[in-house]
Undergrad: 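Can you keep this structure in mind? I'll have questions shortly.
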Amino acid sequence: MTGVLAAYVLGLAGLGALPMLQPGTTPPGAESPDNNGAETERRFEARLEAFDRAIAGVTDLRANFRQEKHTPLLRRPMVSTGTVLVRGERARWDTREPRPSTMTLAAGEIRIYYPDARVVEIYQAQGEMREVAASPLPRLKDLRERFEIREIPAIEVDGGADADMFAARLEPRNDGLREHIDFIRVLIDPATPCIRILEIVDPDGERTRVELTDVRVSTGIKDEELALTPPKGVREIRPGGGGR
């Protein structure tokens, strides 16, 4: 599920560089705290609009990832690493450590291959989650329909964030997504441009943090790179009957 949500928000990777305020400076025309706040919001909205224009030209994304899952039940986070590919409505997450697995997303169907168990689990995303699974590179209109989006200090996501990075918090607008998500935070590096860190907090307080490195966009990812082709003899199952 974390991979599904992360792939959806990876659309922010298309955000290009924009003029940014230097720490301690006042925006032009900001003569009062109210004006200052309005100008800050205006500049943030301009960044979101720039993201929407930039993402229209992003054809695909490939990167390495490190995921940490924090849960109240464990003293230490569960850590996994691997690679991610995204193109159009398709995505593939290959986990290398601590145990190999591959997850693919396409047209609302999620397949997870566990080579050690020689099994593929198949799920059909329903309702709002189907829309999430179908749009790993969403447009701004789709994001705004499903999330309230506001700017937050970058240090809320990463205390070592560079001065030119900025962050956003996304809160679900409807009950369908609220079942899975409390809120999402993203740290954006406009110099790459890409998401550097993605955090998803669920209603139970569990937090999943995904950091992308070695990001490359529009490299020409092929169909065979996204396809899941397990060897012969691997079983396909749909957990819970329908695999929803």
Side-chain angles (χ1 to χ4, degrees), residues 1-16 51-67 80-97 99-143 146 186 189 192-196 198 200 208 210-239 242-244:
M1 184 62 68
T2 299
V4 176
L5 299 173
Y8 176 61
V9 185
L10 278 176
L12 290 171
L15 184 58
F51 141 64
D52 197 44
R53 294 192 297 270
I55 200 174
V58 174
T59 58
D60 58 54
L61 176 147
R62 67 174 75 229
N64 297 327
F65 75 84
R66 173 186 170 87
Q67 174 180 289
S80 57
T81 59
T83 59
V84 58
L85 303 175
V86 181
R87 192 195 71 189
E89 295 184 351
R90 301 176 65 183
R92 173 172 174 149
W93 295 74
D94 285 288
T95 300
R96 308 301 186 192
E97 299 290 343
R99 290 178 298 278
S101 68
T102 298
M103 180 176 70
T104 61
L105 300 91
E109 183 178 79
I110 306 161
R111 289 176 173 255
I112 308 176
Y113 170 46
Y114 301 98
D116 292 345
R118 296 182 61 80
V119 67
V120 174
E121 295 181 352
I122 304 174
Y123 299 87
Q124 292 294 328
Q126 302 294 313
E128 285 293 330
M129 291 309 299
R130 178 178 177 83
E131 297 301 322
V132 169
S135 304
L137 291 173
R139 299 301 299 269
L140 181 58
K141 177 178 180 293
D142 296 325
L143 282 173
R146 294 175 173 83
V186 293
D189 179 4
T192 305
C194 73
I195 277 185
R196 181 66 62 86
L198 165 73
I200 302 172
T208 301
V210 182
E211 182 171 0
L212 299 185
T213 58
D214 300 325
V215 178
R216 292 182 289 161
V217 297
S218 301
T219 61
I221 294 175
K222 307 297 184 183
D223 286 343
E224 53 267 27
E225 295 182 82
L226 293 163
L228 177 59
T229 53
K232 291 182 179 180
V234 171
R235 295 184 300 121
E236 292 187 353
I237 63 173
R238 295 180 180 270
R244 295 185 177 182

Undergrad: Going by an N to O cut-off under 4.0 Å, is there a salt bridge joining Glu225 and Arg87?
TA: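 No, no charged N to carboxylate O under 4.0 Å.
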Undergrad: Rounded to the nearest 0.5 Å, what's the gap from CD1 on Ile237 to CD on Glu121? Could you check?
TA: 4.5 Å
Undergrad: What verdict does the side-chain contact (heavy atoms from CB on, under 4.5 Å) test give for Thr104 and Leu226, after you've listed the backbone C-alpha separation in whole Å, the side-chain angles of each residue and the deciding distance to 0.1 Å?
TA: CA-CA 7 Å; Thr104 61; Leu226 293 163; over 6 Å; no
Undergrad: Does any part of the side chain of Asp223, heavy atoms only, come nearer than 4.5 Å to the side chain of Arg90, both counted from C-beta?
TA: yes
Undergrad: Walk me through whether Val210 and Thr208 qualify under side-chain contact (heavy atoms from CB on, under 4.5 Å).
TA: CA-CA 7 Å; Val210 182; Thr208 301; 4.3 Å; yes
Undergrad: Tell me the closest heavy-atom pair linking Pro231 and Arg118, and the distance in Å.
TA: CG-NH1, 4.4 Å
Undergrad: Using a 3.5 Å distance criterion without hydrogens, assess whether the side chain of Ser218 forms a donor-acceptor pair with backbone atoms of Thr59.
TA: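 Flag set: sc Ser218 to bb Thr59 pair under 3.5 Å.
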Undergrad: Which atoms form the tightest heavy-atom contact between Val86 and Ile221, and what is the distance?
TA: O-CD1, 3.9 Å
Undergrad: For the atom pair CG (Leu212) and CD (Gln67), what is the distance rounded to the nearest 0.5 Å?
TA: 11.0 Å
Undergrad: Measuring from atom OH of Tyr113 to atom CD1 of Ile122, what distance do you get when rounded to the nearest 0.5 angstrom?
TA: 13.5 Å
Undergrad: If you take all heavy atoms of Pro100 and Pro115, which pair is closest and at what distance?
TA: O-CD, 3.3 Å
Undergrad: Quick check against the 3.5 Å criterion: does Arg92 have a side-chain atom that pairs as donor or acceptor with the backbone of Ala227?
TA: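 Yes; judged by distance alone, with no hydrogens or angles, the pair exists.
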Undergrad: How many angstroms lie between atom CE of Met103 and atom CZ of Arg111, to the nearest 0.5 angstrom?
TA: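 The CZ atom of Arg111 is 13.5 Å from CE of Met103, to the nearest 0.5 Å.
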Undergrad: Give the C-alpha distance, both sets of side-chain angles, the deciding distance and a yes or no for side-chain contact (heavy atoms from CB on, under 4.5 Å) between Ser101 and Trp93.
TA: CA-CA 8 Å; Ser101 68; Trp93 295 74; over 6 Å; no
Undergrad: Out of curiosity, Asn64 CG to Thr213 OG1, how far, rounded to the nearest 0.5 Å?
TA: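 The OG1 atom of Thr213 is 4.5 Å from CG of Asn64, to the nearest 0.5 Å.
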Undergrad: Measure the spacing between CG of Leu105 and CD1 of Ile112 and express it to the nearest 0.5 Å.
TA: 8.5 Å
Undergrad: So, are Asp60 and Arg62 salt-bridged, with charged N and O less than 4.0 Å apart?
TA: no
